[in-house]
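Since the structure comes first, as structure tokens, the remarks are kept for the end.
Chain letters run A, B, ... following the sequence lines, proteins first, then strands; residues in each count from 1. What's counted below: heavy atoms across the whole structure, side chains too, no hydrogens, waters or symmetry copies.
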Amino acid sequence: MTDSAGQGRGSGLRLLLTHALLILVCLVILLPLLWVLRVSLLPPSLSYSTDLSAPLSLVNFESLFSGRFPRSYLNSLVVATGSVLLALPFAAATGYAFARFTTGGAVARFSVLATQMLPPVVIALPIFQMFQTLDLSNTLTGLILAYAALNLPFLTWILMGFFKGIPVDLEWAAMTDGATAWGAFWRVVLPVSLPGLAAAGVLGFILAWNEFLFALILSGPNTATIPVALAALQTSNGIQIGDVAAGVVLAVLPLMIASRFIQRFIVEGLTLGSVK
Amino acid sequence: MTDSAGQGRGSGLRLLLTHALLILVCLVILLPLLWVLRVSLLPPSLSYSTDLSAPLSLVNFESLFSGRFPRSYLNSLVVATGSVLLALPFAAATGYAFARFTTGGAVARFSVLATQMLPPVVIALPIFQMFQTLDLSNTLTGLILAYAALNLPFLTWILMGFFKGIPVDLEWAAMTDGATAWGAFWRVVLPVSLPGLAAAGVLGFILAWNEFLFALILSGPNTATIPVALAALQTSNGIQIGDVAAGVVLAVLPLMIASRFIQRFIVEGLTLGSVK
Amino acid sequence: MASIELRGVSKRYPNGLYGVRDIDLKIRDGEFVIFLGPSGCGKSTTLRLIAGLESVTSGDLLIGDQSMVGVPPRDRDVAVVFQSYALYPHMTVAANMAFGLKMRKMPRREIATRVDRAADLLGLSHLLTRKPAALSGGQRQRVALGRAIVREPKVFLFDEPLSNLDAQLRAEMRLELVKLHRRLGRTIIHVTHDQIEAMTMGDRICIMREGRLIQSGPPLEVYANPVDTFVARFLSSPPMNLLPAHLEVDGDGLTVKLGEAIRLAVPERHVPAYRAVAGRPVTFGLRPEDIHEQPPAPTQQGFEVQVVALEALGAETNLVAQPTASGALPEITARLGRQARARTGETVTLYPDLLSMHLFDPETGAVIPRPPLDAPR
Amino acid sequence: MASIELRGVSKRYPNGLYGVRDIDLKIRDGEFVIFLGPSGCGKSTTLRLIAGLESVTSGDLLIGDQSMVGVPPRDRDVAVVFQSYALYPHMTVAANMAFGLKMRKMPRREIATRVDRAADLLGLSHLLTRKPAALSGGQRQRVALGRAIVREPKVFLFDEPLSNLDAQLRAEMRLELVKLHRRLGRTIIHVTHDQIEAMTMGDRICIMREGRLIQSGPPLEVYANPVDTFVARFLSSPPMNLLPAHLEVDGDGLTVKLGEAIRLAVPERHVPAYRAVAGRPVTFGLRPEDIHEQPPAPTQQGFEVQVVALEALGAETNLVAQPTASGALPEITARLGRQARARTGETVTLYPDLLSMHLFDPETGAVIPRPPLDAPR
């Protein structure tokens, strides 16, 4: 609503600079993606062509669908969804406890954040060991558990911030209105938090969907997720750049669609509890 | 300050459950780390021992330091620091523009967020291609550039939130006090934002420090970063679990120290502009 | 059945600070009580203790003669209207009002009847299907009130419900709450930091400061007989004038000496009470409306002041003036009619009505007791 | 040199909404002007237009006879005190106050002198090395004021600087700002939504509503002669009573008929002005302080009311009453002395002082002009 124009001669130049900078940043971010999109729609023989008028084709996608890629796609969906659904209730409970009570103090809160800072490689190793022992490697269940563990601190942190933004008055009102503490959480806090939960869930889904390292270590041919499948396309048969580009486009597609739909929720959710 | 006790008989049980849940979560998060710490301090022959009274030794660390690990450590420091220093000014400028002006609208903002959702594998491929052409693969400069690109949208998003929390009144006050728009940014907004910039910088550092996929693709033996070095320990000579554990501990150490120091900044920074 | 009693109630936080301390208070069934005090004085904490939203650390709290220690809020049959209104943002107005009844498993028909009746009473009938976000501040305030009313609780607890409204709406709602109390006859505790609400709404004011209850009584009685300088200044705007003074014996009578030169004879009826502190420094207190341009009685002495500022409010005029007598006296405020004749910069004579004078201990601020005047009504 | 003139100034936002619209206003050098209006009326926007923090969409804006269109804030020589105070949180109090002088490249010695002087004036000397976070609300407000004063700008712009203070401090600061204006003699524009500030602080009130300037004049003149029902109600608390009425010819004179039965003779001096609307429905307006328990003149007619509520404020009593005559009349408020004798529920006779009456067009709310009364002073 506010514009800071009207600062005289400087403002035109400044506006131009701002715009130029923004366009530059957007190009840096978007150009590689556009390139991938173009390659995915060109026949393999033209992958490296710079001819902008080259005819488009779906041959890469067809070739992709004849292989293992659909299976990986399904695996990714199952694993990403499953891990979020598993982690979310725990994250919500912990985040709520962190937000409302002093339980555990700053130390507990910080150790949750600290685990986010570990190189995934660090966790990958012990998890691999554990899974060997428990016979969970090379299973989707194993991946779901691993990603749930990965998501747990992240989601807890996000939701803690969100719950902090929900005024305690709401719970108090519900409790004087006749609800138990649990009832106040279930009937008031939770419904009010849906945007936050949705936003956190989507972010967790993306985290799991995109994860490569764990998937590589913990999955086998039948349980490979999309990032692993894409990597395999790049390495096993030489670089089939057309197939890879098509796979990338497919991998991004659901994220784009989903996030477009819930953009509102994400923005709302990430402003952390804009209840009012 | 607020405790919701005094809800009668239910409250004791509830408190117990909350604590039990929290302790469980903390254990799930912390146990693997403690296990790694222990293994790193045991001689290789005792790596899988369950004897809690086994004598500790630093032999794993000594063995690690005789190899290429110190080099990787240095590489990681250079790459992570360099990429953050490179990306931060651009991210600050873009984030500020997004926060203060309507420039670009929701679309520009969302496309920045959207790039965060791409599987890193997607970006790895075109970057690898580009770097081949530009002769940047297997150089630290290349890694710095790649990580800067990776950090840019992330930092932009974080800083946008932070700048939004800084009241525009502050800039207005500076501008009526005689500062130009640039002066107001430089002398008021920027100093006030230091906690936010520090927090964002640390998060970006961690992102780069922990990144594995790009490092694997874009680095060679001399430019390997810590995650790559750790992975190499696991795969090339069979699993030398003692060395790996020691490497993990060393990898985590600076993160722990740094984050401990700037914990206050992170918490302040992530509450997004608690100026007052 | 819905009296409230606090017996030595304290609330101590884990960090060792007290929210409230040693509150003793008995509220009759059907009484309308105001908790007044500056922010942080513990008035909202006391409300939450009564509602059961925070737990009492020591002492006992009774509602309708039953101890409430350990009783959860849902079983206390109290309704709270919060400053933020705390409407459930995901429910319509009707659902907001019905929530408490649903929780109590009331039949749907009965719920609908009650909600409709309350909505009628508060002029909310056309808004029942809206969400709170689509309401104005005043409407939200009414919904919060409606949500409390439909439950027909034994006790209403209002936590500064008017503080987010603009001046005009606040004045209207003040009156409506008074009418509501008259109609429902329930016990109401109303927390506020607004002196006008405190003076006009309740049967009794309880003034709190730093976690303690320092005075309690009917508004005009408290106004006329404040227990200390804090109450004296807090309860009106402009606040009571407080001047350093000396109380001197003057034959059979007493004289208040302000600065070097101003001497005012203490009215005979106050002399016995004040004789004990004669010869001592005191703080002399007089409300702005007890200072006049004309002598209230022919024998009344006046004193000269230089007019510093005039605040003409339309219906009245506040005059701020500096006593011209030597000795560092602070500025005083007089509340004059709208026809006040003084001009800024002029020197005029003002006449205090010493029947309404107060003396306070200059160290502790506690009042030096005298027989109370009858409250104006 | 520091007069301000707005010539048909409008501010239109990209979304097509107007922040302010067609403002024409001339402010003399050294004048203390109040912008008064409810939130969202455009008063703060106007202030920002004058400061150059937002750009004028159409019209011209002059400070000291120079057009300010395109001139950045730093070159306008104005100082703004914001509602949030907008202190630089990373600088000490001294650095906050020195910032504007540093920007203007003043020598360090001179800066130190000026900061010390301003700190002295505002009682901030002991706080100069503190950061804003370590200050109380009142202290922050003073620092913000000090930051404006040290620059010695041509114009001071105050954007609700008192609204975050508690009642007592607000009253003190009101007076201090008036004294400050008297001492410095600079042009001041003070934005507020508080009627008391508006009435007491300035030489002139500008009342805004929905982006337009609807009335401007000395406070008591505006109070005595509001241009419409909005101003009439907004400018005092309790607001002016407004009643639907009928103006009837009665021989040589005119009669205001309220409801079915109440007939009040229009004073002779108003008859010529009101004769033009005789026979028409009107809105009858009378301020609460113009309704009395005793007839102001022996011949004054009264009317019967039933007392609905009494608000005893200590220094005065507001009586809310329902006229008993048939015909749906709204409740009226009368402002009585503190010795008011009426009791709630009683039927009493009230006497309006019709010399102060107003008539408004019931459709548009605009006043039906009559010769202005002299303001009380």
Heavy-atom contact with chain C under 4.5 Å, split by part of [X]:
| X | answer |
| --- | --- |
| V178(D) | neither |
| A309(D) | both |
| T333(D) | neither |
| P219(D) | neither |
| R287(D) | neither |

Locate the shortest heavy-atom distance separating [X] from [Y]; write the atom from each residue and the value.
| X | Y | answer |
| --- | --- | --- |
| V308(D) | R182(C) | O-NH1, 2.9 Å |
| E331(C) | L175(D) | OE1-CD2, 3.9 Å |
| E289(D) | R338(C) | O-NH2, 3.2 Å |
| M199(D) | L313(C) | CE-C, 3.8 Å |
| L220(D) | A312(C) | CD1-CB, 3.7 Å |

query: E316(D) and R335(C): side chain to side chain contact (heavy atoms under 4.5 Å, CB included), yes or no, with the steps?
result: CA-CA 11 Å; E316(D) 78 209 25; R335(C) 186 172 176 143; 2.5 Å; yes
field: Contact check, side chains of Q168(C) and P239(D), non-hydrogen atoms, under 4.5 Å
entry: yes
- prompt: Is it the backbone or the side chain of A315(C) that comes under 4.5 Å from a heavy atom of chain D, or both, or neither?
  reply: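 Contact with chain D involves both backbone and side-chain atoms of A315(C).
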query: Checking D290(C) against chain D: side chain, backbone, both or neither under 4.5 Å from a heavy atom?
result: both
Contact winner vs chain C - K179(D), M201(D), H193(D), heavy-atom pairs under 4.5 Å: K179(D)
field: Flag, side chain of R174(D) to backbone of E311(C), donor-acceptor distance under 3.5 Å
entry: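 Not a single qualifying donor-acceptor pair exists.
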